[in-house]
Trainee: 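Handing you this structure, nothing more for now.
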Amino acid sequence: MAKQYDVLFRLLLIGDSGVGKTCLLCRFTDNEFHSSHISTIGVDFKMKTIEVDGIKVRIQIWDTAGQERYQTITKQYYRRAQGIFLVYDISSERSYQHIMKWVSDVDEYAPEGVQKILIGNKADEEQKRQVGREQGQQLAKEYGMDFYETSACTNLNIKESFTRLTELVLQAHRKELEGLRTPASNELALAEMEEDEGKPEGPENSSKTCWC
Amino acid sequence: MQGRGVLLLSEEREEGLHPAKSAAGFESEAAETLIPNCPPVQQVADEKTCMQFSIRRPKLPSSETHPEESMYRRLDVAAWLRHLNALGQVEEEYKLRKAIFFGGIDVSIRGEVWPFLLRYYSHESTSEEREALRMQKRKEYAEIQQKRLSMTPEEHRAFWRNVQFTVDKDVVRTDRSNQFFRGEGNPNVESMRRILLNYAVYNPAIGYSQGMSDLVAPILAEVLDESDTFWCFVGLMQNTIFVSSPRDEDMEKQLLYLRELLRLTHLRFYQHLVSLGEDGLQMLFCHRWLLLCFKREFPEAEALRIWEACWAHYQTDYFHLFICVAIVAIYGDDVIEQQLATDQMLLHFGNLAMHMNGELVLRKARSLLYQFRLLPRIPCSLHDLCKLCGTGMWDSGYMPAVECTGQHPGSESCPYGGTVETPSPKPPREGRKGPKTPREGFGFRR
C-alpha cells in the first residue's frame with residue numbers, strides 16, 4: 001500500500017451562523033450540497049487528502065458553530081489551526097460586518113503565522129446580494145488576505161479556495177518541509193519525531209514545539 | 001451508511017474499501033496517532049500503523065443491569081390514569097417519575113405527561129386548576145408576544161441583530177424531516193419561531209442560543225399548543241442543568257462531574273484522557289451530547305426516551321452524565337485499546353452518532369446510577385451531584401461518607417465536610433489538582 005499522505009494540516013472554518021460553513025465543507029470533501037443543513041453544534045471535522053506541488057497533504061477541516069459561547073473550546077480550535085477560512089455570506093451585510101469581529105478573535109487566539117483567507121459565500125444568490133465583490137476585495141486587502149467569492153451550491157471556487165489556503169500553509173512552513181520528497185531526510189524526520197514522543201505533554205511545552 | 005455496526009470514514013468510502021460486515025473491523029490509516037505532541041507539520045512515517053475502526057455488537061449482561069429494570073412497562077394511557085385521582089391530581093409523584101425513568105412514556109400520551117415532567121403543571125394541581133392555569137398562561141404568553149411586537153424601531157434593530165437573525169436561520173433547518181415540520185410554509189415552523197423569539201423577550205439574559213430550536217421542536221411536536229409549549233420550554237430551561245450553549249462555568253461544571261464519574265467508574269478511560277493532557281480532558285467528543293441532550297446521537301425515538309429518563313429527575317438531576325458514562329463504557333473500548341488521540345476520539349464518537357443503541361445505553365446508565373448509589377464513599381468533588389431540586393438521591397436516609405479530594409481553591413477545609421482518608425503530611429494546597437492516581441475502593445462491585 002502506498003503511503004497515503006505526507007503532511008497533515010488543520011484548517012478552521014469560522015464566520016456567522018448560516019453563512020454556509022458546513023456546506024462549503026461538504027462540497028469540498030464529499031462533493032455534496034444540501035440547502036438545508038442542520039446548525040452545527042459543538043464542532044465537527046472532515047478530512048481530505050489533496051496533492052499540492054507534489055506533496056500529498058491530508059487536511060483536517062474543522063467546522064465550528066457560528067455561535068459558540070464556550071470560550072475554552074473556541075480557544076482550543078484556534079490554537080490548533082494552521083489555516084483559517086473567514087466566511088461571510090454575500091447576501092448578508094451583517095455577516096460581512098462581523099468579519100472584523102472574527103478577525104479580532106483570530107488575532108487573539110490563533111497562533112502567530114496562521115494563514116487566513118476571506119470567503120464570500122453564496123455567490124450564486126446574485127439577486128439577494130448585499131455585499132459587493134469589491135467590498136470583499138477591499139476588506140481582504142486591508143487584512144492582507146486572499147479573497148474568493150464561492151458558491152457551495154454551484155461549486156464555484158470551492159476547490160480553488162481550499163487548495164489556495166493549503167498552499168499558503170505549505171509556503172509558510174516551507175522550511176520544515178524541505179526535502180520531504182527525498183527518502184533520506186524522511187527518515188531523519190522520523191527520528192526527530194520519535195524523540196518528540198518522549199517529551200512530556202503540557203501546554204507550555206506544546207506552545208514551543210507545536211503550533212497545531 | 002449501511003446498517004448499524006458499520007463505520008466508514010468518508011474517505012475510505014470514496015476509495016472503495018469494502019463495506020465491512022456488521023461488527024467487523026477494517027483498516028484505516030491514521031498515522032497521526034503516532035505523534036502525541038504533534039510537531040508543526042506531521043510527516044508520516046509508516047503505513048503499517050493501522051487503526052481498527054469497529055463497533056462491536058454491544059451486550060449488557062443481566063448481572064450489570066439495575067435490579068428493578070424489568071419491573072416497569074411503558075407508561076400507557078391506562079397506567080397513566082391509575083396515577084391520577086378523581087380530581088386529576090398525581091397521587092404519588094415519586095412513583096410516577098420512577099415509572100417513567102424505567103419504562104418511558106407511550107407516544108400517545110407524551111403531550112399530556114411532558115408538561116408535568118417539565119414542571120409547567122404541578123403534580124398537586126387538579127384538572128380544573130390546570131385548565132385555569134392554561135388560560136392564564138395563554139394570556140401571559142400573548143402579552144409577551146405583544147411586548148415583542150411593540151418594540152421601538154431601535155429596540156427592534158437590536159433584537160433582530162442579537163436574536164431574530166439567528167432564530168430565522170435556525171428554525172428553517174430544525175427537524176424538517178419530521179412530518180410535523182415538513183414542507184414549505186409549514187405553520188408549525190412559524191410557531192416554533194414565535195416561541196423562540198418570545199422566549200428571548202421573556203428571558204433576555206439567556207436570549208437565544210443555537211441548539212434551543214433543537215430542544216423546543218420535539219416538545220412542540222408532542223404538546224402541539226404554542227403557548228403550552230412555550231411554558232414547557234421555560235420549565236425545561238429552568239430545570240435542566242444542561243442548557244444549550246452554556247456559559248463557560250456551566251460547561252466546566254458538567255465536564256468536571258463527568259471526569260470525576262469516569263474516574264470512579266471507568267478508570268482506564270479516564271487515564272487515557274489524562275494521558276492526552278488538557279485537550280483530552282476537555283472531552284470535545286461529548287459537548288454536543290450535553291448541549292442537545294443526545295438529540296443528534298440517537299434516532300429521535302430513542303433520544304426522546306433518554307430525555308424522559310433525564311426529565312424524570314429520579315435520584316439525580318444529572319442523569320445525562322450517567323448516559324455519557326454509559327456511552328463511553330459501551331462504545332469506548334476502541335479508544336483505549338488503540339490509544340486514540342483527541343481528534344480521533346471526536347471522529348470515533350462522531351461516527352457513532354445515530355448508530356448507537358439507545359435502549360442499551362439507557363439500561364447501562366440506570367445500572368451505573370444504581371452502582372453509584374451503592375458506593376460507601378464518594379469524593380467531595382461529586383457531592384453536589386447528589387443534591388437534587390426535588391427529592392434527594394439519598395432520600396432513603398443513607399448518605400455515603402464524603403472523602404475530600406482536595407480541590408478547594410480559596411478554602412482551607414473541605415466545604416462538604418469531606419475527610420481525607422490517608423492523612424497526608426502536607427495540607428492540600430490551593431488550586432492543586434486532584435490526585436492523579438485514584439485510590440482503590442471507589443471501584444464498582446463487579
Side-chain angles (χ1 to χ4, degrees), chain A residues 1-10 16-18 29-30 36-49 58 60 65-73 76 80 82 92 94 170 173 176-177 180 186-187 189-190 192-194 196-197 199-203 205-206 209-212, chain B residues 9-11 14 27 29 31-32 34-47 160-161 165-166 168-170 172-176 208-211 213-214 244-248 250-252 275-280 282 284-292 296 342-343 346-347 350:
Chain A
M1 197 157 76
K3 189 160 66 185
Q4 298 205 8
Y5 60 94
D6 304 307
V7 291
L8 175 81
F9 287 153
R10 284 197 186 86
D16 277 8
S17 60
T29 58
D30 303 328
S36 61
H37 259 287
I38 47 177
S39 61
T40 304
I41 302 289
V43 71
D44 267 324
F45 72 84
K46 282 177 180 273
M47 295 191 287
K48 191 175 171 88
T49 308
R58 173 80 141 173
Q60 206 181 65
Q67 188 196 40
E68 177 65 81
R69 297 185 176 184
Y70 184 42
Q71 293 292 321
T72 322
I73 277 312
Q76 191 181 330
R80 293 151 58 93
Q82 285 120 21
S92 160
R94 176 191 187 268
L170 274 172
H173 300 282
E176 297 142 78
L177 289 162
L180 187 69
N186 208 359
E187 271 165 37
L190 170 63
E192 279 164 10
M193 257 168 2
E194 281 167 352
D196 269 355
E197 274 186 90
K199 288 181 189 166
E201 286 267 355
N205 184 27
S206 58
T209 62
C210 169
W211 43 266
C212 49
Chain B
L9 301 176
S10 58
E11 197 160 282
E14 270 172 28
E27 288 186 342
E29 50 78 38
E32 53 266 32
L34 275 180
I35 306 142
N37 199 4
C38 49
V41 171
Q42 296 175 3
Q43 307 194 358
V44 179
D46 186 355
E47 57 276 8
W160 182 83
R161 213 174 33 243
F165 179 85
T166 318
D168 286 346
K169 294 255 173 198
D170 283 353
V172 294
R173 51 177 178 170
T174 302
D175 284 12
R176 293 309 289 276
Y208 174 74
S209 357
Q210 288 199 293
S213 64
D214 282 273
S244 59
S245 284
R247 294 160 302 159
D248 284 43
D250 296 326
M251 194 65 168
E252 281 305 330
S275 75
L276 295 171
E278 199 51 47
D279 286 353
Q282 280 297 333
L284 267 186
F285 60 87
C286 73
H287 290 197
R288 192 178 60 198
W289 303 356
L290 296 172
L291 292 171
L292 298 183
R296 298 210 191 147
T342 311
D343 298 352
L346 183 64
L347 196 62

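Fair warning: this is a prediction, and the values are worked out from it, not measured in the lab. Letters A, B, ... mirror the listed sequences (proteins, then strands); counts begin at 1.
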Trainee: Mind listing the closest non-hydrogen atom pair of A:Gly42 and B:Leu291 along with its distance?
Mentor: N-CD1, 4.4 Å
Trainee: What distance do A:Leu8 atom CG and B:Asp343 atom CG have between them, rounded to the nearest 0.5 Å?
Mentor: 8.0 Å
Trainee: How close do B:Arg161 and A:Arg94 get, heavy atom to heavy atom, and via which atoms?
Mentor: O-NH2, 2.7 Å
Trainee: Do B:Lys169 and A:Asp16 come within less than 4.5 Å of each other through their side chains, counting heavy atoms only?
Mentor: no
Trainee: B:Asp279 versus A:Gln76: any side-chain heavy-atom pair under 4.5 Å?
Mentor: yes
Trainee: Name the region of B:Asp168, side chain, backbone, both or neither, that has any atom closer than 4.5 Å to a heavy atom of chain A.
Mentor: neither
Trainee: If I take atom CD1 from residue A:Ile38 and atom CG from residue B:Asp175, how far apart are they, to the nearest 0.5 angstrom?
Mentor: 9.0 Å
Trainee: With a 4.5 angstrom heavy-atom cut-off, could you sort out which part of B:Asp170 is near chain A: side chain, backbone, both or neither?
Mentor: side chain
Trainee: Quick one: does A:Ser39's side chain get under 4.5 Å of B:Asp214's, heavy atoms only?
Mentor: yes
Trainee: Taking all heavy atoms of A:Ser17 and all of B:Phe165, pick out the closest pair and write down the distance.
Mentor: O-CE2, 4.2 Å
Trainee: At their closest point, which heavy atom of A:Thr40 faces which heavy atom of B:Gln210, and how far apart are they?
Mentor: O-OE1, 4.5 Å
